[in-house]
Amino acid sequence: DAGSCNGCESELQALNNPFYNLHRLGIFFTPSPRFADLLLVTGPVTHAMLGPLRATWEAMAEPRWVMAVGTCAVSGGIAGGGYACGNGLDGVLPVDLYLPGCPPNPAAIIVALLTFQGRLPQRVLGGRHAE
Ligand code: SF4
């Protein structure tokens with residue numbers, strides 16, 4: 001959360017509910033950036049959150065990736081360029097994946113994550129993964 005309105009977090013929280021159930025795909029939120037492969041960022045990157053955001057990035061082991069979730073993280077959104085923030089992640093961190101939307105819904109987040117991993121064609125048939 002780099003200054004989000006909490007709308008994007010609301011959608012992200014839904015990923016762990018029984019309907020979307022992100023864990024079934026082997027993708028987990030980690031308790032620390034030290035265990036994470038992907039830094040998922042929301043918000044327009046406020047001046048106050050710039051330091052913590054960079055510290056979080058630095059705490060991650062390589063290889064590491066960055067995903068901008070929501071229009072604010074992609075381009076600053078409605079608050080972008082205001083007195084308190086920049087215009088999203090460009091120029092702040094190297095972004096590997098952009099997902100616009102205000103907010104993007106959980107299904108879109110899942111599709112983006114699977115596309116990024118090259119797993120979009122993957123299906124679960126009879127309890128087994130199939131291509
Ligand atoms: S993209 Fe929309 S929902 Fe997400 S933090 Fe920005 S204003 Fe809030």
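Counting convention: from 1, in listed order, for ligands and their atoms alike.
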Original post:
For atom 4 (Fe) of ligand 1, does an N/O/S atom of Cys102 lie at less than 2.8 Å?
Top reply: no
Original post:
Between Leu53 and Val41, does a side chain to side chain contact (heavy atoms under 4.5 Å, CB included) hold up when you go through it step by step?
Top reply: CA-CA 8 Å; Leu53 175 62; Val41 183; 3.8 Å; yes
Subject >> Shortest protein contact, atom 6 (Fe) of ligand 1 (heavy atom only) >> reply: Cys72 SG, 2.3 Å
Original post:
Could a heavy atom of Thr42 be found less than 4.0 Å from some atom of ligand 1?
Top reply: no
**OP:** Report, in ascending order of atom number, the atoms of ligand 1 lying under 4.0 Å from any heavy atom of Thr71.
**Re:** 1 (S)
Original post:
Rounded to the nearest 0.5 Å, how far does CD1 of Ile110 lie from CZ of Arg119?
Top reply: 11.0 Å
**OP:** Would you please say whether a donor-acceptor pair under 3.5 Å links the side chains of Tyr98 and Asp90?
**Re:** yes
Original post:
Would you find a donor on one side and an acceptor on the other, under 3.5 Å apart, between the side chain of Asn6 and the backbone of Glu9?
Top reply: no
Original post:
Any donor-acceptor pair under 3.5 Å linking the side chain of Asn17 with the backbone of Ala14?
Top reply: yes
Original post:
Under 4.0 Å from any heavy atom of Gly7, which atoms of ligand 1 are there?
Top reply: 3 (S)
Original post:
Can you tell me which residue and heavy atom of the protein come closest to atom 4 (Fe) of ligand 1, and the distance to 0.1 Å?
Top reply: Cys8 SG, 2.3 Å
**OP:** Indicate the ring-plane relationship of Phe116 and Trp65, choosing parallel, tilted or perpendicular according to the 30° and 60° boundaries.
**Re:** perpendicular
**OP:** Give a yes/no on ligand 1: does Gly101 have at least one heavy atom closer than 4.0 angstrom to it?
**Re:** yes
**OP:** Under 4.0 Å from a heavy atom of Cys5: give me the atoms of ligand 1 that qualify, with their elements.
**Re:** 3 (S), 5 (S), 7 (S), 8 (Fe)
Original post:
Short list, please: which atoms of ligand 1 are under 4.0 Å from a heavy atom of Ser4?
Top reply: 5 (S)
**OP:** With side chain to side chain contact (heavy atoms under 4.5 Å, CB included) as the test, would you mind laying out the steps for Val95 and Met67 before giving the verdict?
**Re:** CA-CA 6 Å; Val95 179; Met67 178 177 178; over 6 Å; no
